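All of these numbers come straight from a predicted model, not from anything done at the bench. Each ligand, and each atom within it, is numbered from 1 in the order the structure gives. Residue numbers run from 1 in the order of the sequence given.
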Amino acid sequence: MSSYQHIQVPSAGQKITVSADNSLLVPDQPIIPFIEGDGIGVDITPVMLRVVDAAVAKSYDGRRKIHWMEVFAGEKSTRLYGPDVWLPDETVQAVREHVVSIKGPLTTPVGGGIRSLNVALRQALDLYVCLRPIQYFDGVPSPLKEPHKTNMVLFRENSEDIYAGIEFAAGSEQAKKLIALLQNDFGIQKIRFPETSGIGIKPVSREGTERLMRKAIQYAIDHDKPSVTIVHKGNIMKFTEGAFRDWGYGLAAKEFGGELIDGGPWMRVKNPHSGKFITVKDRVADAFMQQILLRPAEYSVVATLNLNGDYLSDALAAQVGGIGIAPGANLSDTVAMFEATHGTAPKYAGKDYVNPLSEILSAEMMLRHIGWKEAADLIIQSLRRSILSKKVTYDFARLMDGATQVSCSGFGQVMIDHM
Ligand SMILES: NC(=O)C1=CN([C@@H]2O[C@H](COP(=O)(O)OP(=O)(O)OC[C@H]3O[C@@H](n4cnc5c(N)ncnc54)[C@H](OP(=O)(O)O)[C@@H]3O)[C@@H](O)[C@H]2O)C=CC1
Ligand SMILES: O=C(O)CCC(=O)C(=O)O
Ligand SMILES: [Mg+2]
C-alpha cells in the first residue's frame with residue numbers, strides 16, 4: 001500500500017485493478033477516491049456519497065460496500081499542502097492507482113491565475129474521452145415542448161484543442177516571438193493588431209481524433225444507436241476542425257467498414273450485433289446548435305472537439321432540465337474519473353441549496369462502469385420517483401407547478417426515502 005502525506009487510506013477495502021485486456025477487476029469492497037471540490041462541492045459531494053452508500057447497501061445487503069478515500073485538489077489542497085499546491089502529485093497518483101474515482105467541481109479563475117485543475121487532471125491521466133449523456137426524465141422542467149426527444153450521448157475530445165492551454169498573453173515575450181515568426185517566416189500579414197494580440201494554439205491530431213471517434217462508434221454499436229454525428233467548424237478551421245471531420249470519417253471506413261452513402265461524405269457502418277446500419281454524418285457546429293433545438297430526435301451519439309463539446313454539453317443539458325442534472329465521465333482506456341458537467345456555482349457555495357443530481361448521476365455512471373448495475377438502477381428508479389414526488393431543489397422548483405422546494409441534502413434524503 002502506498003504511503004501518502006495527507007491522504008488517509010481506509011482501513012478496509014481493496015483497490016480496483018485492470019486485467020491484461022483492460023477490463024476491470026472490482027472487489028466487493030473497493031476503495032474509491034473522491035475529490036470534494038470547491039464551491040458547491042462541499043454541498044453536493046457529501047450528498048452524493050450518502051445516496052450512493054444507501055443504494056449500494058440496499059442493493060447488496062451489506063455484501064458490497066464502497067470504502068471512500070478523500071483525495072485533495074483545489075482550495076482544500078492549498079489549505080492542507082501549502083498555498084501554491086493546487087493539485088498534489090499524490091492525488092494524481094492515488095487516482096491513477098485506484099483506477100476509478102469521482103470528483104466535485106474545481107474553480108478556475110478567468111483571465112489570470114492558475115490554469116484549470118480539471119483540465120490538468122484530464123491531461124495528467126490522459127482521460128481523452130469526456131462522455132456526457134443527455135437524457136430526459138419525466139417531470140423535469142424543460143424549456144422544450146417535447147423534451148424526451150433530446151436523447152444524446154456526447155463524446156467530447158478531452159486532451160487537445162484550444163484546451164491544451166498553449167497561449168501567451170498580449171505583449172509577452174512569447175507572444176511577440178510567435179507573432180514575429182508568423183509574420184517573418186510564414187508571411188502572415190493578417191494579424192489585425194499584432195502589438196496587442198494574445199496568441200492561442202489549437203493542436204488537433206489524427207491520433208487524438210481517431211481514438212475519440214473509435215470510442216464513439218463503438219458506443220453506438222454496443223448501445224444499438226442509430227447515428228454518430230461529427231460536430232466541427234471545419235469550414236473555417238480547415239486543418240484542425242476540418243481534419244477532425246475527415247479523420248473521423250476515415251476511421252469509420254478503416255476500422256468499422258464504413259461505406260459512403262450517395263457518394264459521401266456521410267457513411268453507414270453495419271452494427272455487427274444488431275445487423276442495423278449506423279449513419280455516420282457531420283454537422284457544422286453553428287447549424288448543429290439550432291438543429292438540436294428544432295430537430296433533436298435526429299441526433300444520437302455526437303463526437304466533437306474539446307471546446308465545442310464544452311459549449312454543447314451545457315446547451316444540451318438545458319434542454320433536459322439544466323446543468324443541475326448533467327452528469328459525466330472522463331475516461332482513458334483504463335482510468336475513469338466521474339464528474340458533473342457544471343462548475344462550482346460560487347454564489348451558492350456552502351448554502352445547502354443546489355441540485356446534487358449531476359454528481360449523483362455521475363456516480364450512477366460510475367456504478368454502471370464497475371458493473372454494479374443493481375445499485376445504478378436503484379438510483380435511477382429513485383430519481384424518477386423523487387422527481388414525480390415534486391420535492392425538488394430550487395432549480396426545478398422555480399419552473400414546476402405545485403413543487404415543494406427542498407435543500408440539497410433534503411433532496412438527497414428524498415432520494416434515499418424513495419429507494
Ligand atoms: N468540471 C469542473 O470542475 C468545472 C468547473 N467550472 C468552474 O466553476 C466555476 C464557476 O463557473 P460558472 O461559469 O459560474 O458555471 P457553473 O456551472 O458553476 O454555474 C453556472 C450556473 O449554473 C447553475 N448551476 C450550476 N450547478 C448547479 C447545480 N448543482 N444545481 C443547480 N444549478 C446549478 C446555476 O444557475 P442559476 O444561477 O440559474 O441558479 C449557476 O449559477 C468557474 O471557476 C469554472 O471555471 C466550470 C465548469 C466545469
Ligand atoms: O475547468 C474548468 O474550470 C471548466 C471546465 C468545463 O467547463 C468543462 O469541463 O465542462
Ligand atoms: Mg463546461
Evaluate [X] for polar contact with ligand 1, using N/O atom pairs at a separation under 3.5 Å.
X: Glu339; answer: yes
X: Thr107; answer: no
X: Gly104; answer: no

Closest candidate by heavy atom, reference [atom], pool [options]:
atom: atom 48 (C) of ligand 1; options: His342, Glu359, Lys103; answer: His342
atom: atom 14 (O) of ligand 1; options: Gly324, Gly343, Pro346; answer: Pro346
atom: atom 33 (C) of ligand 1; options: Tyr348, Phe411, Tyr394; answer: Tyr394
atom: atom 9 (O) of ligand 2; options: Arg122, Glu339, His342; answer: Arg122

- Message: At under 4.0 Å between heavy atoms, is it the side chain or the backbone of Asp395 that contacts ligand 1, or both, or neither?
- Response: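 Side chain only.
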At less than 4.0 angstrom from any non-hydrogen atom of [X], what atoms of ligand 1 do you find?
X: Arg122; result: 1 (N)
X: Lys347; result: 37 (O), 41 (O)
X: Pro105; result: 3 (O)
X: Asn355; result: 28 (C), 29 (N), 30 (N), 31 (C)
X: Thr341; result: 47 (C), 48 (C)
X: Val354; result: 28 (C), 29 (N), 30 (N)
X: Ile40; result: 26 (N), 29 (N)
X: Arg398; result: 36 (P), 38 (O), 39 (O)

- His6-Phe72 aromatic ring centre distance below 6.0 Å: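 Centroid separation for His6 and Phe72: 6.0 Å or greater.
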- Message: I'd like to know whether the aromatic ring centres of Trp372 and Tyr60 sit less than 6.0 Å apart in this structure.
- Response: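 Yes, the ring of Trp372 comes within the 6.0 Å limit of the ring of Tyr60, centre to centre.
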Salt-bridge contact [X]-[Y] (side-chain N to carboxylate O under 4.0 Å):
X: Glu374; Y: Lys58; value: no
X: Lys103; Y: Glu339; value: yes
X: Arg384; Y: Asp138; value: no
X: Arg385; Y: Asp417; value: no

- Close approach, Leu106 and ligand 1, non-hydrogen under 4.0 angstrom: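 Contact present.
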- Message: Yes or no: does Thr393 have any heavy atom under 4.0 Å from an atom of ligand 1?
- Response: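 Flag not set, Thr393 not near ligand 1.
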- Task: If the plane angle is over 60° it's perpendicular, under 30° parallel, otherwise tilted; pick one for Phe34 and Trp68.
- Result: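 Perpendicular: the ring planes of Phe34 and Trp68 meet at over 60°.
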Which residue supplies the protein heavy atom nearest to [atom], what is that atom called, and how far is it?
atom: atom 1 (O) of ligand 2; answer: Ser116 OG, 2.6 Å
atom: atom 8 (O) of ligand 1; answer: Thr344 N, 3.0 Å
atom: atom 42 (C) of ligand 1; answer: Thr108 O, 3.8 Å
atom: atom 7 (O) of ligand 2; answer: Asp310 OD1, 3.2 Å
atom: atom 18 (O) of ligand 1; answer: Ala345 N, 2.7 Å
atom: atom 24 (N) of ligand 1; answer: Ile323 CG1, 3.9 Å
atom: atom 5 (C) of ligand 2; answer: Tyr163 OH, 4.3 Å
atom: atom 4 (C) of ligand 2; answer: Asn118 ND2, 4.4 Å

- Donor on one side chain, acceptor on other, Arg64 and Gln29, under 3.5 Å: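 No donor-acceptor contact under 3.5 Å links the two side chains.
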- How long is the span from the CD atom in Gln123 to the CZ atom in Arg115, to the nearest 0.5 Å?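 Output value for this atom pair is 9.5 Å.
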- Query: Got a second to check how far Arg214's CZ is from Thr209's OG1, nearest 0.5 Å?
  - Reply: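 Spacing of CZ (Arg214) from OG1 (Thr209) equals 11.0 Å.
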Do [X] side-chain atoms and [Y] backbone N/O form a donor-acceptor pair below 3.5 Å?
X: Asn306; Y: Glu160; answer: yes
X: Lys238; Y: Asn235; answer: yes
X: Gln319; Y: Ile292; answer: yes
X: Asp282; Y: Val231; answer: no

Taking all non-hydrogen atoms of both residues, which atom of [X] and which atom of [Y] are closest, and how far apart?
X: Ser332; Y: Asp126; value: CB-O, 3.3 Å
X: Thr393; Y: Pro356; value: CG2-CD, 4.1 Å
X: Pro33; Y: Val71; value: CB-CG1, 3.9 Å

- Query: Can an N or O of Arg132 be found at a distance shorter than 3.5 Å from an N or O of ligand 2?
  - Reply: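 Arg132 vs ligand 2: N/O contact under 3.5 Å present.
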- Task: Would you please determine whether Arg115 falls within less than 4.0 Å of ligand 2 on a heavy-atom basis?
- Result: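 The answer is no, since Arg115 has no heavy atom less than 4.0 Å from ligand 2.
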- Proximal atoms of ligand 2 relative to Thr108 (non-hydrogen, under 4.0 Å):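 In order of number, 1 (O), 2 (C), 3 (O).
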- Check whether any protein heavy atom sits under 4.0 Å from atom 11 (O) of ligand 1.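 False for atom 11 (O) of ligand 1.
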